[in-house]
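Here, residue 1 is the first one in the sequence, and each next residue gets the next number.
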Amino acid sequence: PLTVRDGSARDPAASEAELAARDCWSEEQVCEWLLASDPGFGVYVPSFRENHIDGRALGLLTREDLADLGVRSVGHRLAILRARAELHPHQK
């Protein structure tokens, strides 16, 4: 298994169905994922909620969108996009 930043193991054999299901995440599930990706991203949770970022929107976010959401740190924008890419390996 792959080791995620928080030290937990991730099954590399996640099916396409599981990945597609993530597109159906609620806003709350996206916020939980954001916190799990990096506890420091908690400062962005209110903005994600206020802007109704659900699983489908998460898959469409760009660096510019993240800046509009208040993610001013380039490093944080890149880290969020990297974490998202791990969820959706078919997206860039």
Side-chain angles (χ1 to χ4, degrees):
L2 299 174
T3 301
V4 184
R5 174 182 249 170
D6 66 4
S8 63
R10 179 178 296 167
D11 181 0
S15 71
E16 283 298 315
E18 290 169 321
L19 294 173
R22 291 177 184 142
D23 286 339
C24 297
W25 279 358
S26 68
E27 294 167 20
E28 189 57 35
Q29 287 170 303
V30 169
C31 291
E32 290 171 8
W33 164 82
L34 188 62
L35 282 170
S37 296
D38 187 318
F41 294 162
V43 297
Y44 308 124
V45 167
S47 182
F48 271 59
R49 282 191 180 118
E50 290 168 12
N51 288 280
H52 310 286
I53 305 301
D54 59 11
R56 182 175 215 118
L58 177 65
L60 299 172
L61 287 177
T62 65
R63 289 186 310 184
E64 293 80 15
D65 294 329
L66 289 169
D68 290 344
L69 289 168
V71 183
R72 299 290 172 226
S73 165
V74 172
H76 281 184
R77 288 195 300 260
L78 293 173
I80 290 169
L81 293 174
R82 263 194 317 270
R84 194 237 355 238
E86 291 176 6
L87 291 174
H88 303 281
H90 59 282
Q91 293 180 341
K92 293 184 178 185

*Can you list every pair that meets salt bridge (charged side-chain N to carboxylate O under 4.0 Å, His left out) and has a residue in residues 72-81, with sequence neighbours left out?*
none
*Mind checking whether Tyr44 and His76 have parallel, tilted or perpendicular rings, split at 30° and 60°?*
perpendicular
_Less than 4.5 Å apart, side chain to side chain, heavy atoms only: is that true for Leu35 and Phe41?_
no
*Using side chain to side chain contact (heavy atoms under 4.5 Å, CB included) as the criterion, list what pairs up with Asn51, not counting sequence neighbours.*
Ser47, Ile53, Leu69
*Mind checking the OG-CD spacing from Ser37 to Glu86? Nearest 0.5 Å is all I need.*
8.0 Å
_Ile80 side, atom CD1; Arg84 side, atom CZ - distance, nearest 0.5 Å_ = 10.0 Å
*Which pairs with one or both residues in residues 44-67 pass salt bridge (charged side-chain N to carboxylate O under 4.0 Å, His left out), sequence neighbours excluded?*
Glu28-Arg49
*Looking at CG of Leu58 and CG of Leu34, how far apart are the two atoms once the value is rounded to the nearest 0.5 Å?*
8.5 Å
*Mind listing the closest non-hydrogen atom pair of Val43 and Pro46 along with its distance?*
O-CD, 3.6 Å
